[in-house]
Amino acid sequence: MAVIGIMDSGCGGLSVLRELRKALPREHYIYYADNANCPYGDKSPAFIRQRLLSIVDGFLDRGAEAVVLACNTATSAAIATLRSKYSIPFVGMEPAVKPAALGTSTGVIGVLATAGTLKGSKYLTTKGRFSDGVRIEERVGRGFVELVERGQLTGPEAEETVRRSLLPLLEEGADRIVLGCTHYPFLLDTLKKVAEEEGYTGIEFIDPAPAVARRLADVLRQAGISSEDENPGTELLSSGPRENLLKISESI
Ligand code: DGL
């Protein structure tokens, strides 16, 4: 029986779980939302690593054979430590700079992510690899995570918050916008609406979650972890309130 642990600071990782279930419907998923400590974006890497060690121990107690860090900020802060401490495979998030750089017509791509992700060496390395001939503009999605955690995905306040971070990227000429935080895909309708209202066409928003699902499938195959689960499904665990988590999980 293949049990996969998947975590995020809150509801955001459910945008990844949605893709994992599509690609690998026979696994048993244990989703952990560390929403008592959300947002991770402005927390220190040391704090996030401590949280991850405890979350992964919890997954192992429940029989997890692989863990997905469905959080760019946690991946950036903790994946190297986790890989050196535990023998199970870990799959993390990688901002989709490569498909954005390959797809841009304007030569400018925008990256929306948390401050922690944008400062992390993982992102800086990826950026360095694909920035040849392409200009990369970055913005923290200020307030985006809080909107999603409140379940406020559309409406005037969501639009105003999204506009503040998105518009500067569009004004710089970005035609591909990388969603570098797993909460942001839940704001996709609002992001598209704001871009359209501001008169920008041909803008593509890129979510790395489908690529993460393919990566997990490869990792499980390589590790010989079976996906013939006798008990497929999802368990939802959290360190904080569950109401919005349950609501979003029912919608995916
Ligand atoms: N969803 C997370 C990410 O992908 C964390 C957001 C946060 O807690 O600040 O970065």
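Just follow the structure's listing: the first ligand is 1, and inside any ligand the first atom is 1. Not measured: the values here are computed from a predicted model.
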Please tabulate, line by line, the atom pairs linking an N/O of ligand 1 to a protein N/O at a distance below 3.5 Å, with the distance in Å to 0.1, or answer 'none'.
residue: ligand 1; atom: 1 (N); partner: Asp8; partner atom: OD1; Å: 2.9
residue: ligand 1; atom: 1 (N); partner: Thr182; partner atom: OG1; Å: 2.9
residue: ligand 1; atom: 1 (N); partner: His183; partner atom: ND1; Å: 2.8
residue: ligand 1; atom: 4 (O); partner: Asn72; partner atom: N; Å: 2.8
residue: ligand 1; atom: 4 (O); partner: Asn72; partner atom: ND2; Å: 3.1
residue: ligand 1; atom: 4 (O); partner: Thr182; partner atom: N; Å: 2.9
residue: ligand 1; atom: 4 (O); partner: Thr182; partner atom: OG1; Å: 3.3
residue: ligand 1; atom: 8 (O); partner: Ser9; partner atom: OG; Å: 2.6
residue: ligand 1; atom: 8 (O); partner: Tyr40; partner atom: N; Å: 2.6
residue: ligand 1; atom: 9 (O); partner: Tyr40; partner atom: N; Å: 3.3
residue: ligand 1; atom: 9 (O); partner: Gly41; partner atom: N; Å: 2.7
residue: ligand 1; atom: 10 (O); partner: Asn72; partner atom: N; Å: 3.4
residue: ligand 1; atom: 10 (O); partner: Thr73; partner atom: N; Å: 3.1
residue: ligand 1; atom: 10 (O); partner: Thr73; partner atom: OG1; Å: 2.6

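A donor-acceptor contact closer than 3.5 angstrom is absent between the side chains of Thr201 and Glu196. A donor-acceptor contact closer than 3.5 angstrom is absent between the side chains of Tyr184 and Asp207.
When the shell of 6.0 Å around CZ of Arg129 is examined, it contains 12 or fewer heavy atoms from other residues, nucleotides or ligands.
In this structure, Tyr40 and Asp8 have side chains that are not in contact, with every pair of non-hydrogen atoms separated by 4.5 Å or more.
Judged by distance alone, the side chain of Arg242 and the main-chain N or O of Leu236 form a donor-acceptor pair under 3.5 Å. Without hydrogens or angle criteria, Asp175 side chain to Thr106 main chain gives a donor-acceptor distance under 3.5 Å.
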